[in-house]
Amino acid sequence: MSARILDGKAIAAELKDSVKQKVEKMVAEGNRAPGLVVILVGENPASQVYVRNKQNSCEQVGFYSELKRLSVDTTQAELLSLIDELNGREEVDGILVQLPLPGHIDEETVTERILPTKDVDGFHPYNMGRLTLRMPLLRPCTPKGVMTMLEKTGVDLVGKDAVIIGQSNIVGRPMALELLAARCTITICHSKTRDLEEKVRNADIVVAAVGVPKFVKGEWVKPGATVIDVGINRLDDGTLCGDVDYDSAAEHAEWITPVPGGVGPMTVATLLENTLQAAEMHKDA
Ligand code: NAD
């Protein structure tokens, strides 16, 4: 079997286009465009690329956007005070603090300082709690983007066995909550999981968010399964690869996401979708 490719780039372009049209309509009706402020602390090279991507995408869909570049020795108090200021600014619908932060700043304290209705990353305990209780508001971007991709396959998720490898707060856990809400039976695997290979062999849906290149081997994949590769790993030769051994997995899966061009573009497009959602909430408040 040769898998069908779940083209994240194309689905993300569609999503961006739909956001752009909604923004045009909003503005034509006399409202201001949605506004996103991204905060970057320090000079992490990967973060700089991600932030640039987010800025460019904001421009493409007609958002107002600002980048706040802070030096690596910014204190936690200074960062919290900037968030307080942005929480109070009416034209700012979304605040995104690019992670990771320098070691002297506590990420949880910073995440909790953002107003939940401006938390377009969906990481605030309030938004995670709402997702847990099946009353989602702003949902974490990467797992939400994966759900948009899964919808495109037309595969009925109800009752399916889903295995999520990775239990991070930003990907694995919210991914499991999303799939549970879609009425899958979920198994969350992590570094202490026993018989992981056996669990993957029984999965109708596999989501890999491990951070280890080609961790999931093709022969583990059940024939006809859907394989979602969240991993982004840079190899020594400079190329990118995912957490799934793509070539061998594609021989077993029905659907598979490539890396690059799979989940990555969906994360950015979903951030735009969340910022638009926040703007609509603020407009109606
Ligand atoms: P993380 O390091 O926080 O979490 C990794 C998880 O993998 C942990 O829960 C750990 O228990 C588990 N793990 C590690 N080794 C394992 C093993 N041998 N067996 C089973 N589980 C194991 O990482 P993260 O932030 O969740 O990111 C995971 C990957 O996804 C990374 O490659 C990251 O770059 C990528 N990522 C991609 C996007 C995107 O937009 N595509 C977004 C976020 C993260």
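Here the structure is a predicted model, which is why all the values come from computation and not from measurement. Counting starts at 1 for both ligands and their atoms, in listed order.
- No side-chain donor from either of Ser81 and Asp84 sits under 3.5 Å from a side-chain acceptor of the other.
- Considering Leu240, Leu271, Val230 only, the shortest heavy-atom separation from atom 30 (O) of ligand 1 involves Val230.
- Within the 4.0 Å heavy-atom criterion, the part of Leu196 lying near ligand 1 is the side chain and not the backbone.
- Set against the non-hydrogen atoms of Thr267, the atoms of ligand 1 under 4.0 Å away are 39 (C), 40 (O).
- Interface atoms of ligand 1 facing Gly264, defined by a heavy-atom separation under 4.0 Å, are 40 (O), 41 (N).
- Looking only at heavy atoms of the protein, atom 19 (N) of ligand 1 is closest to Phe215 CZ, 3.3 Å.
- Under a 4.0 Å N-O distance rule, the pair Arg139/Glu178 qualifies as a salt bridge.
- Close contacts between ligand 1 and Val171 involve ligand atoms 26 (O), 43 (C), 44 (C) [criterion: under 4.0 Å to a heavy atom].
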* Which is it for Lys68 and Glu66 under the salt bridge (charged side-chain N to carboxylate O under 4.0 Å, His left out) test, yes or no, and what are the steps along the way? -> CA-CA 6 Å; Lys68 300 276 188 193; Glu66 256 181 64; 3.2 Å; yes
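- Looking at Lys217, its side chain does come within 3.5 Å of a backbone N or O of Lys214 through a donor-acceptor pair.
- Residues Asn202 and Asp161 bring no donor and acceptor atom of their side chains to less than 3.5 Å of each other.
- In the model, Lys144 has a side-chain atom that pairs as donor or acceptor with a side-chain atom of Asn274 under 3.5 Å.
- Under the side-chain contact (heavy atoms from CB on, under 4.5 Å) rule, Val206 has a single partner from Ile256, Val200, Ile164, which is Val200.
- Ligand 1 does not have Gly172 within reach: every non-hydrogen atom of the residue lies 4.0 Å or more from it.
- The cluster map of Ile, Leu, Val, Met, Phe, Trp and Tyr, joined by side-chain heavy atoms under 4.5 Å apart, puts Trp255 and Val230 in the same cluster.
- Near His190, meaning under 4.0 Å from any of its heavy atoms, are these atoms of ligand 1: 11 (O), 19 (N), 20 (C), 21 (N), 22 (C).
- Atoms of ligand 1 lying under 4.0 Å from at least one heavy atom of Asn233, given by number and element, are 32 (O).
- Within ligand 1, counting atoms from 1 as listed, the ones closer than 4.0 Å to a heavy atom of Ile170 are 25 (O).
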*asked:* As a quick check of understanding, evaluate side-chain contact (heavy atoms from CB on, under 4.5 Å) for Val259 and Asp243, giving each step before the final call.
replied: CA-CA 9 Å; Val259 177; Asp243 291 347; over 6 Å; no
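- Any N or O atom pair closer than 3.5 Å counts here, and Ser168 shares at least one such pair with ligand 1.
- The protein heavy atom nearest to atom 10 (C) of ligand 1 is Ser191 N, 4.1 Å.
- Among protein heavy atoms, atom 8 (C) of ligand 1 sits closest to Gln167 N, 4.0 Å.
- Between the side chain of His190 and the backbone N or O of Val210 there is no donor-acceptor pair closer than 3.5 Å.
- The Thr142 neighbourhood of ligand 1 comprises atoms 40 (O), 42 (C), with distances under 4.0 Å to a heavy atom of that residue.
- Of all protein heavy atoms, the one lying nearest to atom 31 (C) of ligand 1 is Gly211 CA, 3.7 Å.
- Residue Leu67 is not grouped with residue Tyr64 when hydrophobic side chains (ILVMFWY) are merged at heavy-atom distances under 4.5 angstrom, including chains of intermediate members.
- With respect to atom 16 (C) of ligand 1, the closest heavy atom belonging to the protein is Val210 CG1, 3.6 Å.
- Contact annotation: Ile232 has at least one heavy atom less than 4.0 Å from an atom of ligand 1.
- There is no protein heavy atom closer than 4.0 angstrom to atom 2 (O) of ligand 1.
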